[in-house]
Protein chains: 2
Amino acid sequence: MDTNRKAPIGRPRGFDVDEALERAVVVFWERGYEGASLTDLTDAMGITRTSMYAAFGNKEELFRKALERYTEGPAAYGARALEEPTSEAVATALLNGSVRAATRPGFPAGCLGVQGSLAAGDPGRAARDALIDWRNVGWSRLDERFQRAVDEGDLPPHADAGVLARYVMTVANGIAVQAASGATREQLQPVADAALRNWPPV
Amino acid sequence: MDTNRKAPIGRPRGFDVDEALERAVVVFWERGYEGASLTDLTDAMGITRTSMYAAFGNKEELFRKALERYTEGPAAYGARALEEPTSEAVATALLNGSVRAATRPGFPAGCLGVQGSLAAGDPGRAARDALIDWRNVGWSRLDERFQRAVDEGDLPPHADAGVLARYVMTVANGIAVQAASGATREQLQPVADAALRNWPPV
DNA sequence: GAACTTTCGTACCGAACGGTACCGAAAGCG
DNA sequence: CGCTTTCGGTACCGTTCGGTACGAAAGTTC
């Protein structure tokens, strides 16, 4: 049944898809969807246009796959934070992770999920909407997690999980903007600490 | 000395510069610098390309002038907030104003100073850098204001004005991102309230 | 080996980009 | 009335955009 697992017919691909995708993540992260041209992307990926189209479809799908990759890679702190035992630990892990990811040496400053495309013309609307979804899914997961904390008694019964989740996401998004403006890790960590003092901000 | 104040020689301009600039502000606000084409801009401004170039120089200078206009118009709450008597009133006015401006009906959601250009390719670098300056000037003004509050005893002597200013700017930037993601005024005002509870977050 | 399937590199497509040359039109000046 | 000066509209510039046609190259299967 599993004959030729490693040798599909036809000429084999001459590059590593995952590695090429990681290179594309960096370009989108640094220049945004509209600012990243196909030439920028394929140069960084080390492949030709035709190879990119054959492997990923088109620029829009490449962006979607790059966003998935980003979520599992540089932004994986988000999913990990949700597994912390208390709401305070969740919020702390999320904001500390956001500071670290937005100021990691060797990577663009900021967050792909924010600066990939906030405002766009017609050709970039699909990418912008994909990022809006991405951010709203993040809020939704955090909302559910905080609602669970309310049910468990970890947060006071009158706490509004939705507002708390939006508060944390707002600070995380702001940290990304600040990092894109040149703020350093040393400047942003105290901001995350300040946002987490007196948790929850009932 | 002031002869012909109102009638310079040559054919007079057939449109109102300020009104055209306000239309351009909305286009940049909605589509970002790179997403706003000259056709988008001149169509909205109701003038031709040549008139735009004669009046404003080029796309980059038009963006700079639009940003000035935005600062004096929709973002004027920032300068007003600095005149509040206490640091808490300053922070409150700034965040409440940011919520209102980012969700004003009839205008694009979010903040031109954030979504105008966060990440950009080579042709948009100048606009991106102009916005980085714009945001950093905002932080600097707030830093000075909070430092004054420390000197006046309105903030405790050990308070770090720079951190407090960055905290407020971070929340304001996050509010802008949230608004661009579709968050409503009713959803964002409680976030601003939460950020201001227990002021200052020593 | 031959036949087949897929990838890769080049060279190109039409469209849109920011920006400009040119010329007629409209005003103040003598 | 010329004359000068500036504005406004058209038509165009070279470049870059995202996307593709096509043939050569590189593998597997017979």
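Chain A is the first sequence line, chain B the second, and so forth, proteins listed ahead of strands; every chain is numbered from 1. Predicted model only: the values in this text are computed from it and were never measured. Atoms considered below: every heavy atom in the structure, side chains included; atoms not considered: hydrogens, waters and symmetry mates.
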Taking [atom1] from [X] and [atom2] from [N], how many angstroms apart are they, rounded to a whole number?
| X | N | atom1 | atom2 | result |
| --- | --- | --- | --- | --- |
| A/Arg13 | C/dC8 | CZ | P | 7 Å |
| A/Leu41 | D/dC17 | CG | P | 10 Å |
| B/Asp43 | C/dA16 | CG | P | 13 Å |
| B/Phe63 | C/dG18 | CZ | P | 14 Å |
| B/Phe56 | D/dG8 | CZ | C1' | 15 Å |
| A/Ile47 | C/dT10 | CD1 | C1' | 16 Å |
| A/Glu34 | D/dG18 | CD | P | 10 Å |
| B/Arg31 | C/dA16 | CZ | P | 13 Å |

Legend entry - Donor-acceptor contact below 3.5 Å, side chain A/Thr42 vs main chain A/Leu38: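 It does hold such a pair.
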
Legend entry - Aromatic plane relationship, A/Tyr70 with A/Trp29 - under 30° parallel, 30 to 60° tilted, over 60° perpendicular: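 The arrangement is perpendicular - the two ring planes meet at more than 60°.
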
Inset, instruction - Assign the ring pair B/Phe63 / B/Tyr33 to parallel, tilted or perpendicular, where the plane angle (0 to 90°) is split at 30° and 60°. - result: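 Because their plane-to-plane angle is over 60°, the rings of B/Phe63 and B/Tyr33 count as perpendicular.
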
Inset, instruction - Sorted by first residue and then second, give each salt bridge (charged side-chain N to carboxylate O under 4.0 Å, His left out) pair with at least one member in residues 107-134 of chain A; sequence neighbours left out. - result: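 The answer is A/Asp122-B/Arg31.
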
Inset, instruction - For B/Ala55, answer base if it contacts any base atom (sugar-phosphate contacts may also be present), sugar-phosphate if it contacts only those atoms, and nothing otherwise; contact means non-hydrogen atoms under 4.0 Å. - result: nothing

Inset, instruction - Indicate the atoms forming the closest heavy-atom contact of B/Ala159 with B/Leu164, along with that distance. - result: CB-CD1, 4.2 Å

Legend entry - OP1 or OP2 of D/dC17 under 4.0 Å from side-chain N/O of A/Ser37: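 The answer is yes; a side-chain N or O of A/Ser37 sits under 4.0 Å from OP1 or OP2.
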
Inset, instruction - State whether A/Ser51 places a side-chain N or O below 4.0 Å from either non-bridging phosphate oxygen (OP1 or OP2) of C/dC8. - result: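 Affirmative; the distance criterion is met.
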
Would you give me the side-chain donor-acceptor pairs under 3.5 Å for residues 174-182 of chain A, sequence neighbours excluded?
residue	atom	partner	partner atom	Å
A/Gln178	OE1	B/Arg166	NH1	2.9
A/Ser181	OG	A/Val177	O	2.8
A/Ser181	OG	B/Arg135	NE	2.8
A/Ser181	OG	B/Arg135	NH2	3.1

Inset, instruction - Decide, yes or no, whether a salt bridge links A/Arg148 with A/Asp154 under the criterion of side-chain N to carboxylate O below 4.0 Å. - result: no

Inset, instruction - Heavy atoms under 4.0 Å is the rule here; annotate nucleotides 19-26 of chain C 5' to 3' with B where the base is hit, S where only the sugar-phosphate is, and - elsewhere. - result: BBB--BBB

